[in-house]
Protein chains: 2
Amino acid sequence: MADTTPSQSGQALLFLTDEQLRKGIEAMYFAYRGFTSDPDRILATKEYGRAHHRAIHFIHRSPGTTVTNLLAILGVTKQSLNRVLRSLIDDGLVESRVGRQDKRERHLHLTPQGAALERELSDAQRDRMRAAYRAAGPVAVAGFRQVLEAMMDEDMRRQYEALKDRTV
Amino acid sequence: MADTTPSQSGQALLFLTDEQLRKGIEAMYFAYRGFTSDPDRILATKEYGRAHHRAIHFIHRSPGTTVTNLLAILGVTKQSLNRVLRSLIDDGLVESRVGRQDKRERHLHLTPQGAALERELSDAQRDRMRAAYRAAGPVAVAGFRQVLEAMMDEDMRRQYEALKDRTV
DNA sequence: CACAATACGTCAGCCTTGTTGACACTCCAA
DNA sequence: TTGGAGTGTCAACAAGGCTGACGTATTGTG
């Protein structure tokens with residue numbers, strides 16, 4: 001890892017000025033609001049919130065995942081997740097199947113209705129993402145992903161990487 | 001704006017596949033958690049939350065801004081902001097000065113204590129940002145910013161742009 | 001001047017989503 | 001058989017969003 005020794009702090013490191021970093025921080029803040037706004041709008045018309053979206057997303061992403069697994073990915077408490085999961089199961093969007101090898105585990109799957117909502121939400125989010133990607137171009141997208149991955153915590157990056165290349 | 005006509009959908013548009021978009025969405029989710037984790041940790045030791053951080057950040061950013069102005073930037077209700085602002089003022093981190101031209105307006109400023117907390121928080125956030133920027137390099141950073149800006153809502157982009165080039 | 005509009009503060013009540021603590025149940029493995 | 005892991009659930013609480021309503025300066029306008 002290079003240090004900012006005086007000899008290096010010329011044109012090459014201009015992108016590391018406090019001003020540039022602050023712009024990046026604000027860009028991150030405003031962009032994240034855009035990022036969540038479309039699903040939020042859809043969810044507001046239904047009985048659900050962002051927490052439901054996250055659960056649905058990762059169950060779709062890794063069908064058959066266990067509750068503990070989901071807990072680790074989402075980084076919330078069991079009780080918090082349980083409330084969300086409870087409503088999704090009661091409403092018939094998520095199915096909880098007792099594990100075959102280990103009957104203590106519950107394997108989570110989306111029902112057809114759950115899959116439908118997942119599609120509606122992710123379509124909206126992907127549309128915005130696609131527009132942004134298209135506007136910025138492939139080189140920018142590669143940079144975007146690089147910076148985001150460098151910004152994650154170690155353990156988050158591990159979970160992200162684990163999900164990243166799965167064939168779904 | 002290019003369409004995805006069959007003739008174009010070769011190698012050139014591979015970065016627009018659903019799989020790529022989904023990775024981008026997850027990267028955004030995990031990265032945002034990293035992005036907020038350092039300030040959150042600091043705030044947890046004090047009496048404050050993320051909402052206080054946002055207020056402090058933008059007051060620092062635009063000293064003398066009015067309440068209505070801050071309301072527009074943060075996109076929350078008056079009541080919600082007031083609760084946060086109240087505690088910051090009571091604790092002596094923010095000063096609210098009656099407007100000179102228009103005495104209905106309150107101009108918000110950080111006190112020395114408020115500025116100290118702002119520095120503590122933004123130092124932590126900038127450190128992570130700097131590390132990510134340094135790891136990814138200037139080209140990636142440019143792409144990162146491009147994609148984020150393309151992902152904002154129109155009105156958010158306007159506010160972001162308005163802030164972007166101010167001399168602070 | 002009278003009155004509407006603006007900027008702000010505040011009370012009351014509601015929701016979502018996070019937290020901790022405690023407890024029970026099932027089941028696996030040593 | 002017994003400890004511990006995986007799970008579900010109850011209760012209580014807090015932060016931080018929201019709406020609706022109302023009060024009070026102050027300002028601009030007819």
Side-chain angles (χ1 to χ4, degrees), chain A residues 29 32-33 36-37 39-59 64-91 94-109, chain B residues 29 32-33 36-37 39-59 64-91 94-109:
Chain A
Y29 168 69
Y32 194 78
R33 274 172 57 182
T36 56
S37 63
D40 281 354
R41 236 189 313 280
I42 294 170
L43 290 159
T45 70
K46 306 189 163 40
E47 300 272 81
Y48 304 119
R50 209 176 284 178
H52 299 84
H53 183 193
R54 290 196 280 261
I56 288 174
H57 175 95
F58 286 108
I59 293 173
T65 190
T66 63
V67 172
T68 305
N69 220 308
L70 203 50
L71 241 32
I73 289 172
L74 296 176
V76 297
T77 58
K78 192 175 45 162
Q79 295 85 333
S80 219
L81 176 59
N82 190 254
R83 181 172 17 189
V84 165
L85 231 37
R86 184 78 270 135
S87 66
L88 290 174
I89 291 170
D90 288 349
D91 296 352
V94 167
E95 193 189 348
S96 168
R97 300 182 197 153
V98 174
R100 278 202 260 180
Q101 282 84 359
D102 187 336
K103 295 180 189 170
R104 290 168 304 179
E105 295 182 343
R106 302 301 138 95
H107 297 277
L108 303 169
H109 298 263
Chain B
Y29 169 69
Y32 194 78
R33 275 172 56 183
T36 56
S37 62
D40 281 354
R41 235 189 313 280
I42 294 171
L43 290 159
T45 69
K46 307 190 164 39
E47 299 273 79
Y48 304 119
R50 209 176 284 178
H52 299 83
H53 183 192
R54 290 196 281 261
I56 288 173
H57 175 95
F58 286 109
I59 293 172
T65 190
T66 63
V67 173
T68 306
N69 219 309
L70 203 50
L71 242 31
I73 289 173
L74 296 176
V76 298
T77 59
K78 191 176 44 162
Q79 294 87 330
S80 225
L81 176 59
N82 190 254
R83 182 175 14 189
V84 166
L85 230 37
R86 186 79 269 135
S87 65
L88 290 174
I89 291 170
D90 288 350
D91 295 353
V94 168
E95 192 188 350
S96 168
R97 300 180 198 157
V98 173
R100 277 201 261 182
Q101 283 86 0
D102 188 335
K103 293 179 189 169
R104 291 169 304 180
E105 295 181 341
R106 300 301 139 94
H107 298 277
L108 304 169
H109 297 263

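Order of the sequence lines sets the chain letters (A, B, ...), proteins ahead of strands, with each chain counted from 1.
- Distances shorter than 4.0 Å separate none of the side-chain N or O atoms of A:His52 from OP1 or OP2 on C:dT16.
- Separating the CZ atom of A:Arg50 from the C1' atom of D:dC18 is a distance of 14 Å, rounded to the nearest angstrom.
- When the nucleotides D:dT27, C:dT17, D:dG16 are ranked by their closest atom to the side chain of B:Arg104, D:dT27 comes out on top.
- Checking A:Arg106 against A:Arg83, the closest nucleotide of DNA chain D that is more toward the 5' end is the one next to A:Arg106.
- Rounded to whole Å, the distance from CD on B:Gln101 to P on D:dG28 is 10 Å.
- The side chain of B:Val67 sits closest to C:dG9 out of C:dC28, C:dG9, D:dG8.
- When every heavy atom of A:Phe58 is checked against every heavy atom of A:Leu74, the shortest pair comes out as CD1-CD2, 3.6 Å.
- In this structure, B:Leu43 and B:Gly49 approach most closely via the heavy-atom pair CD1-O, 3.5 Å.
- Side-chain contact check for A:Ser87 versus A:Glu47: every heavy-atom pair is 4.5 Å or farther apart.
- Scanning both residues, A:Ile73 and B:Arg33, for their nearest heavy atoms gives O-NH1, 2.9 Å.
- Note on A:Thr77: a side-chain N or O is less than 4.0 Å away from OP1 or OP2 of C:dT19.
- Separating the CG atom of B:Asp40 from the C1' atom of D:dG16 is a distance of 13 Å, rounded to the nearest angstrom.
- A straight line from NE2 of A:His53 to P of C:dT17 spans 12 Å, rounded to a whole angstrom.
- Between A:Asn82 atom CG and C:dC25 atom P there is a gap of 17 Å when expressed in whole angstrom units.
- Here B:Arg86 lies in heavy-atom contact (under 4.0 Å) with sugar-phosphate atoms only.
- Here the C1' atom of nucleotide D:dG17 and the CG atom of A:Leu43 are 15 Å apart, to the nearest Å.
- Residue A:Leu70 contributes atom CG, which lies 14 Å from atom C1' of D:dG6 at whole-angstrom precision.
- Regarding contacts with the backbone of C:dG18, a side-chain N or O of A:Arg54 is found under 4.0 angstrom from either OP1 or OP2.
- The side chain of B:Asp102 lies closest to D:dT27, out of C:dC28, D:dG17, D:dT27.
- Where A:Lys78 and A:Glu47 each meet DNA chain C at their nearest nucleotide, the meeting point lying more 5' is that of A:Glu47.
- Checking B:Leu70, B:Asn82, B:Val84, B:Leu81 one by one against B:Val76, the side chain to side chain contact (heavy atoms under 4.5 Å, CB included) holds for a single residue, B:Leu81.
- Residue A:Gln79 has its side chain nearest to D:dC10 when only D:dC10, D:dT27, C:dC28 are considered.
- In this structure, A:Gly49 and A:Arg100 both approach DNA chain C, and ranking their closest nucleotides by distance from the 5' end singles out A:Gly49.
- In this entry the distance linking CD1 of A:Ile56 with P of C:dT17 reads 11 Å, nearest Å.
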